[in-house]
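The structure appears right after this line, and notes come after that.
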Amino acid sequence: MRHALQLGISAEEIYELTGIDPWFLDKFQQLLDIEKFLKRTPLQQLTKEQLYEVKRDGYSDRQIAYATKTTEDEVRAYRKSLGIIPVYKTVDTCAAEFEAFTPYYYSTYEEETEVMPATKPKVLILGGGPNRIGQGIEFDYCCCHAAYALKDAGYETIMVNSNPETVSTDYDTSDRLYFEPLTKEDVLNIIETENPVGVIIQFGGQTPLKLAIPLQKFLSTQDSGLSTQIWGTSPDSIDMAENRERFEKILQQLNISQPPNGIARSYEDALIVAKRIGYPVVVRPSYVLGGRAMEIVYSDAELERYMTFAVLVEPEHPILIDKFLENAIEVDVDAIADHTGRVVIGGIMEHIEQAGIHSGDSACSLPSISLSPAVLNQIRTWTVQLAQALSVVGLMNIQFAVVGASSYSPQVYILEANPRASRTVPFVSKATGVQLAKLASLIMSGKTLEELGFTEEVIPTHIAVKEAVLPFNKFPGTDTILGPEMRSTGEVMGIDSDFGRAFAKAEMGAGERLPLSGTVFVSMSDRDKAAASGVVKEFIDLGFTVMATLGTRRVLLEQGLKIELVLKLHEGRPHVLDAIKNQKIQLIINTPSGEEAQTDARLIRRTALAYKIPIITTIAGAKATVAAIRSLQNTTLDVKTIQEYCPIARV
């Protein structure tokens, strides 16, 4: 629409094409006229009245900087020199139904502010902004618990968030709420208005974390006139973990292993790195959220496609390339550290899907169900060393991969470290009874782990399984295959003393109904055919009939297994889709990848989804499903309250 207005297409014609109300079209035209005015007027020639009107019309400092070919900092400095600063107005958060106790502020450019003075020291908590895949309600949970803990500790809590669908923006979560975007300009405006003693950026995910360096740069300037400090892990330490080259130096100093890797800014660079470390490789843009635009690449052709079409490669945003560790077990660790250097592990979670599936999509178990004590001790040691090297104060999440876990000499690698709250914090807190977010917020305020009574890892005697809730049935045509890019929109937890029963409960919570008998259809990629025989034999032992297409069946027959043949789509009828539609298949195990995922297998997965047939896309997931079905065949599930499983929370 903007482009159409720029080309001179009339508002009437745009209305005919789009149905958008002419009132809105007129406002968009006004905004476009302002942009044209800014582009022909140097910043320093804008009068106070002109700049004031531009800000009242909603233009951000960054947009003004773009139009006037200056920087955001220059616009901010010039605007403040003219005395143009926002004021804040209140909204009745309870819609006059009953008295509202939380001032709910929004910014505007007028004369009088409605911000009330405070009698307590104030703490600003940055939320996650609009919820989307990869930055969801788990981070909002952390923000809320920080507000509760700090309020009880005598602080006035100020929440900054712009999503009305979160608990952090409820009227009774914090003492004050600023319904503002999580941008440098808006956050700095709030800090200047409130002058809090501390700002917490660790709990809202990647969005507030990206503000760490800009906020620190502003707060450290002498002319800021503020006493505000960023609480918790320093912005420099955060950058040290985010910056690939700086992070590698720390790992080398600590002698911590990581997969072979490299950085590329072009296809030629990427090709050199891929040849050096060998396919398959994981490729992703730096500073991504939720694994966005992350892929596993198996060939030069796939790498060229990725570098050419999948991402926008710029010198400032290089592509990270890591060796993909096939058939590795991924491990998530949440830890908490205080300013004395003491580190306590909150939980070690073993992923059920292999490394390569995004942690937000992978089911996981707490405690670990298969890793040896030696591997777990190595993970604990490296977690403590890394937290201390990064001077973490508050929460930290580290992801490891274990190769050859069942061999005599398993190898542990670190995949990444995030000195912030992770999406696993709510799960760990509920599974162990230790409210990590509350502890971390108090530690940021200056408390120690010793003072808070949390000095050693809590390893539950029960098994807690987290499972992802995936939205595939809401998006027609979307493939159900899991990969390094996050797709889940929620999660559930199953708890029991037995892993199979805990996993079964988690699957039920996620909406999956596992069959106790019937036929399993198996279709494997070439890389998985040999590894599939063990889990297929277990299904047969449980009384299931197994059918497979020609290639997979041939490999399984060679292992001495009894497998029925089903035709592929192009081999005639009745084929596998007919079997699905005729309800002759009760469970599907399908693990294609790369180009294979784009052919018949995609149609099979979509058809299974339409007919509500459970579909498993990893070998590890199939093994967990076997355990769950075995437990369901042999026992009846019982239900207890979470308080019966978990000890009383420590804060």
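- The salt bridge (Lys or Arg N to Asp or Glu O under 4.0 Å) test applied to Glu185 returns Lys55, not counting sequence neighbours.
- Side-chain contact, Thr424 with Glu138: no donor N or O sits under 3.5 Å from an acceptor N or O.
- Note that CD1 of Ile414 is 9.0 Å distant from CG of Leu254, once rounded to the nearest 0.5 Å.
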Point to revise | Trace of the side chain to side chain donor-acceptor pair (under 3.5 Å) decision for Ser370 with Glu350 | key: CA-CA 8 Å; Ser370 69; Glu350 178 182 339; 2.5 Å; yes
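- Ile201 is not listed as a side-chain neighbour of Leu211, based on a closest heavy-atom distance of 4.5 Å or more.
- Within a 6.0 Å radius of CZ in Phe472, more than 12 heavy atoms belonging to other residues, nucleotides or ligands are found.
- For the atom pair Ile348 CD1 and Asp332 CG, the distance stands at 11.0 Å (nearest 0.5 Å).
- For the residue pair Ser422 and Asp334, a side-chain donor N or O sits within less than 3.5 Å of a side-chain acceptor on the partner.
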Practice item. Report the C-alpha separation of Ile238 and Leu209 in whole Å, then their side-chain angles, then the decisive distance to 0.1 Å, and conclude whether the side-chain contact (heavy atoms from CB on, under 4.5 Å) test is met. Key: CA-CA 8 Å; Ile238 292 171; Leu209 211 65; 3.7 Å; yes
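- One N or O on the side chain of Ser266 and one on the backbone of Asp269 form a donor-acceptor pair closer than 3.5 Å.
- A distance of 6.5 Å separates OG of Ser362 from NZ of Lys466, quoted to the nearest 0.5 Å.
- Here the closest heavy-atom approach between residue Arg276 and residue Gly262 is recorded as NH2-CA, 3.8 Å.
- The backbone N or O of Asp239 sits nowhere less than 3.5 Å from a side-chain atom of Asn243 that would complete a donor-acceptor pair.
- Put simply, the side chain of Lys537 never gets that close to the backbone of Leu561: no donor and acceptor are under 3.5 Å apart.
- Although no hydrogens or angles enter the test, the distance criterion places a donor-acceptor pair under 3.5 Å between the side chain of Glu74 and the main chain of Thr71.
- Thr549 places no side-chain N or O within 3.5 Å of a backbone atom of Gly551 that could act as its donor or acceptor partner.
- For the 3.5 Å distance criterion, the side chains of Asp338 and Thr340 qualify, holding a donor opposite an acceptor.
- Closest approach of Phe203 to Ala437, counting heavy atoms only: CZ-O, 3.8 Å.
- For the residue pair Gln202 and Thr233, a side-chain donor N or O sits within less than 3.5 Å of a side-chain acceptor on the partner.
- Of all the heavy atoms in Gly232 and Met444, the pair that sits closest is CA-CG, 3.7 Å.
- Judged purely by distance below 3.5 Å, without hydrogens or angles, the side chains of Gln253 and Glu248 never pair a donor atom with an acceptor atom.
- Not one N or O on the side chain of Gln559 forms a donor-acceptor pair closer than 3.5 Å with the backbone of Leu556.
- One finds no salt bridge joining Glu242 and Arg420 here, because no Lys/Arg side-chain nitrogen approaches an Asp/Glu carboxylate oxygen to under 4.0 Å.
- Proximity of Ile463 to Phe503: side-chain heavy atoms (C-beta onward) are nowhere separated by under 4.5 Å.
- Taking all atoms of both residues into account, the shortest heavy-atom contact from Glu456 to Val344 is C-CG1, 3.6 Å.
- The two residues Ile296 and Glu302 make their nearest non-hydrogen contact at O-OE1, 3.9 Å.
- With a 6.0 Å radius and a threshold of 12 heavy atoms from other residues, nucleotides or ligands, Asn255 has its CG atom at or below the threshold.
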Practice item. Show your reasoning for whether salt bridge (charged side-chain N to carboxylate O under 4.0 Å, His left out) applies to Glu457 and Arg380. Key: CA-CA 10 Å; Glu457 177 185 356; Arg380 289 186 175 99; 2.7 Å; yes
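- Counting heavy-atom neighbours within 6.0 Å of Arg62 CZ, excluding the residue itself, gives a total of 12 or less.
- In this structure, Leu395 CG and Cys142 SG are separated by 6.5 Å, a value rounded to the nearest 0.5 Å.
- Lys184 and Pro214 make their closest contact through CD-CB, 3.9 Å (heavy atoms, listed as atom of the first residue, atom of the second, distance).
- Contacts of Thr183 classified as side chain to side chain donor-acceptor pair (under 3.5 Å), with partners at least two apart in sequence or in another chain: Asp186.
- In this structure, the separation between NE2 on His339 and CG on Leu449 is 9.5 Å, given to the nearest 0.5 Å.
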Point to revise | Test salt bridge (charged side-chain N to carboxylate O under 4.0 Å, His left out) applied to Glu295 and Arg305, step by step | key: CA-CA 11 Å; Glu295 286 188 24; Arg305 176 196 56 77; 2.6 Å; yes
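- Side-chain atoms of Asn261 come within 3.5 Å of backbone N or O of Pro259 as a donor-acceptor pair.
- With Glu353 contributing its side chain and Ala363 its backbone, the two residues share a donor-acceptor pair below 3.5 Å.
- Side chain to side chain, Thr617 and Asn590 fail the donor-acceptor criterion of an N or O pair below 3.5 Å.
- Here the side chain of Ser429 pairs a donor or acceptor atom with the backbone of Val425 at under 3.5 angstrom.
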